[in-house]
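One-based numbering, in listed order, for ligands and for the atoms of each. We number each residue from 1, following the sequence as shown. The structure presented is a predicted model; accordingly, all values stated were derived computationally and were not measured.
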Amino acid sequence: MGNLFCATIYEYLARILGDSHNSNRNAIGHNRYEQISTTVTSATMTIQLEKASTQTEEQEVLLGKSLAQLTEWVQQQGQPAYRGKQLHQWLYEKGARSLSEISVFPKSWRESLGNYPIGRSNIHYRSTAPDETRKYLLRLADGLILETVGIPTDKRLTVCVSSQVGCPMACDFCATGKGGFTRNLKSHEIVDQVLTVQEDFGQRVTNVVFMGMGEPLLNLKEVVAAIHSLNQDVGIGQRSLTISTVGLPDKIRQLAQHHLQVTFAVSLHASNQKLREQLIPNARHYTLDNLIEDCREYVQITGRRVTFEYILLAEVNDLPEHALELAKLLRGFQTHVNLIPYNPIQEADYQRPNERRIQAFTDILRQKHIAVSVRYSRGLEADAACGQLRASRT
Ligand code: SAH
């Protein structure tokens with residue numbers, strides 16, 4: 001397991017360092033990779049992961065900017081302030097993909113702006129599952145592909161957004177983790193996913209869950225910026241936005257300090273440390289006790305509840321003893337447990353438990369006064385369900 005963790009970190013750092021030092025990848029990139037990899041310890045792990053992930057190139061785009069920022073931008077371009085409001089409306093309500101289509105702008109200005117980047121992606125591929133869930137492969141400005149999912153229900157349209165291309169966490173049951181990590185997304189690339197689904201369904205998005213590719217807390221700055229933009233620019237209530245994390249040392253506290261009103265979900269998946277390490281390599285650097293303590297602190301700081309997600313893997317973590325242990329772990333914690341029956345992926349040979357086992361697990365938690373529900377992922381047949389995103393056309 002230790003080797004697996006190191007291999008993941010190696011790959012993660014090498015990718016990023018390699019990417020940002022393409023010209024001398026072998027000479028310099030390799031040395032830096034060796035040097036950094038030897039310094040990875042449990043205490044520095046989160047910092048290393050984060051430092052590495054900030055080394056991506058910045059290109060200014062308009063999407064993701066607030067009304068005030070857009071107003072400033074138009075004024076810098078020598079235009080009156082009210083054009084900022086028009087631009088805001090065209091970007092977020094009308095979903096403009098280029099400045100040239102903003103017909104209320106003077107033609108001469110539009111022409112002079114040329115192809116100034118707005119920050120929208122292109123739909124590379126789309127598939128629809130029998131339950132109407134739509135999975136999109138979106139092509140970003142640098143050619144990378146990410147996945148996003150639109151999930152329609154009676155009154156809602158939920159988007160499951162990615163926060164990274166790939167994921168460095170390498171959870172053993174997750175297709176994204178098996179594919180390794182490429183880079184962090186910028187906030188506009190997260191907002192774009194929501195606008196794309198909204199446009200494609202021709203219907204307002206009501207909810208956003210950060211449960212696509214990636215670990216949101218490893219990209220906290222951009223995720224928080226995206227949340228503010230989705231809230232203030234796209235107009236989705238913070239409580240309708242959900243951040244899901246596997247948990248990293250220090251990161252839950254950092255998130256709490258933003259005092260967001262979002263829904264916060266922690267991917268627990270195990271009732272004891274040994275089992276958790278088996279399923280989530282990174283967990284060896286963050287004990288269950290510390291994780292739960294940080295969640296309690298999160299509740300204190302934000303006044304918001306924490307939800308725990310628990311994937312159900314037959315014979316692995318779904319035995320009655322696991323349910324009892326989980327109930328004990330969460331005793332006295334005002335929380336809700338979401339049980340997620342495993343969605344099969346090619347790279348792992350776990351099994352989804354049958355209904356009887358799922359019911360037995362649920363019953364034990366209820367008897368122990370833990371609020372629990374079973375969440376069947378949508379989009380299973382289109383490989384669009386939780387954990388199945390791997391940026392492939394299957
Ligand atoms: N990194 C974040 C968000 C992405 S995963 C996190 O771990 O929470 C979103 C959810 O899907 C998590 O609860 C994750 O554990 C779950 N998931 C991953 N693989 C799955 C699979 N094969 N079947 C069911 N759920 C899965």
Assess the pair Tyr298 and Phe264: is the distance between their ring centroids shorter than 6.0 Å?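 Tyr298 vs Phe264: aromatic centres under 6.0 Å.
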
Taking the basic N atoms (NZ, or NE/NH1/NH2) and the acidic carboxylate oxygens, is any pair closer than 4.0 Å for [X] and [Y]?
X      : Y      : value
Glu199 : Arg97  : yes
Lys65  : Glu72  : no
Lys178 : Asp172 : yes

Subset of ligand 1 atoms that lie under 4.0 Å from at least one heavy atom of [X]:
X      : value
Ile340 : 13 (O), 24 (C), 25 (N)
Thr245 : 6 (C), 8 (O)
Gly212 : 4 (C)

Any chance CZ of Arg366 has more than 12 other-residue heavy atoms, nucleotides or ligands included, within less than 6.0 Å? yes

Within less than 4.0 angstrom of ligand 1, does [X] place any heavy atom?
X      : result
Gly214 : yes
Phe210 : yes
Met169 : no
His269 : yes

Using the rule given for ring pair (Phe, Tyr, Trp, His ring centres under 6.0 Å), can you reason through Phe308 versus His269, listing the C-alpha separation, both sets of side-chain angles and the distance that settles it, and then say yes or no? CA-CA 8 Å; Phe308 290 104; His269 305 325; over 10 Å; no

Any N or O of Phe173 that comes nearer than 3.5 Å to an N or O of ligand 1? yes

Should the proximity of [X] to ligand 1, defined as any heavy atom under 4.0 Å, be assigned to the side chain, the backbone, both, or neither?
X      : result
Asn343 : both
Val246 : both
Glu309 : side chain
Val266 : neither

Positive for side chain to side chain donor-acceptor pair (under 3.5 Å) with Thr148, one of Lys135, Gln193, Arg134: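 That would be Gln193; it is the only one of Lys135, Gln193, Arg134 passing the side chain to side chain donor-acceptor pair (under 3.5 Å) with Thr148.
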
Do Glu147 and Tyr125 have a side chain donor and acceptor closer than 3.5 Å?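 Absent: no donor and acceptor within the cut-off.
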
Strictly by modelled atom types, are Ser66 and Gln232 linked by a side-chain donor-acceptor pair under 3.5 Å?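 No donor-acceptor contact under 3.5 Å links the two side chains.
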
Going by the closest heavy atom to atom 3 (C) of ligand 1, which one wins out of Ala348, Ser244, Ser267, Pro344? Ser244

